[in-house]
Amino acid sequence: MKKLEAIIKPHKLDEVKDAIMELGVQGMTISEVKGFGRQKGHTELYRGAEYVVDFIPKVKIEVVVKDEDITRLITAIQKVATTGKIGDGKIFVTPVEAAVRIRTGEKGEAAI
């Protein structure tokens, strides 16, 4: 099993969620997060005063899938989340050693 974490722009959430669900993924976790990458924040103007916004609002999507589904998932997310501009986000994939469904006790891929 693999865990995919995608950090994307908030306005792309619905498109990405739909793309993930079209692949038959049964569940996902969404978090509102803040951070920065290469863009290192930006400057904004508020009531005539200029200030620096260091942390940009993003959305983090976490999904655990079977090993054979990870490539299709990455491709789908990348296709719909891209705007071609800086700050589109990142996708991280890590191995999952175990999964347990608390209610039933199912383990491994049966739990996802």
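It should be emphasised that the depicted structure is a prediction, and the values quoted were computed from it without experimental measurement. Side chains are part of it too, since the values below use all heavy atoms of this structure and drop only hydrogens, waters and symmetry mates.
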What do the steps show when you test Ile7 against Phe92 for side chain to side chain contact (heavy atoms under 4.5 Å, CB included), and what is the final call? CA-CA 9 Å; Ile7 312 295; Phe92 303 101; 4.2 Å; yes
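Heavy-atom minimum distance, Ala111 versus Ala99: CB-O, 3.7 Å. Taking both residues in full, the closest heavy atoms of Pro57 and Pro10 are given as O-CD, 3.5 Å, listed atom of the first, atom of the second, then distance.
With respect to Ile77, the side chain to side chain contact (heavy atoms under 4.5 Å, CB included) criterion is satisfied by exactly one of Val63, Leu23, Ile20: Ile20.
The hydrophobic clustering, which links ILVMFWY residues whose side-chain heavy atoms are closer than 4.5 Å, places Met1 and Val100 apart. Val64 and Val25 fall into different hydrophobic clusters, where Ile, Leu, Val, Met, Phe, Trp and Tyr residues are linked whenever their side-chain heavy atoms come under 4.5 Å apart, directly or through other members.
Expressed to the nearest 0.5 Å, how far CD of Glu62 lies from CD1 of Ile30 amounts to 8.5 Å. From Glu5, atom CD reaches atom CD1 of Ile91 across 11.5 Å, with rounding to the nearest 0.5 Å. Taking NZ of Lys3 as the reference point, atom CD1 of Ile112 lies at 13.0 Å (rounded to 0.5 Å). Going from atom OG1 of Thr82 over to atom CD of Glu15 covers 11.0 Å, rounded to the nearest 0.5 Å.
Residue pairs meeting the side-chain hydrogen bond (donor to acceptor under 3.5 Å, both in side chains) criterion with at least one partner in residues 97-112, sequence neighbours excluded, are Arg101-Glu106, Thr104-Glu106.
Side chains of Arg72 and Asp69 form a contact here, defined as non-hydrogen atoms less than 4.5 Å apart. Using a 4.5 Å cut-off on side-chain heavy atoms (C-beta onward), Ile61 and Leu4 make no contact.
Lys85 meets the side-chain contact (heavy atoms from CB on, under 4.5 Å) test with Lys9, Thr83; sequence neighbours excluded. Residues satisfying the side-chain contact (heavy atoms from CB on, under 4.5 Å) criterion with Met21, sequence neighbours excluded, are Lys17, Met28.
Within 6.0 Å of CD in Gln78 there are 12 or fewer heavy atoms belonging to other residues, nucleotides or ligands. For CD of Glu32, the number of neighbouring non-hydrogen atoms (other residues, nucleotides, ligands) closer than 6.0 Å is 12 at most.
A donor-acceptor pair under 3.5 Å is formed between the side chain of Lys58 and the backbone N or O of Gly87. The main-chain N or O of Thr71 is found under 3.5 Å from a side-chain atom of Thr75 such that the two form a donor-acceptor pair.
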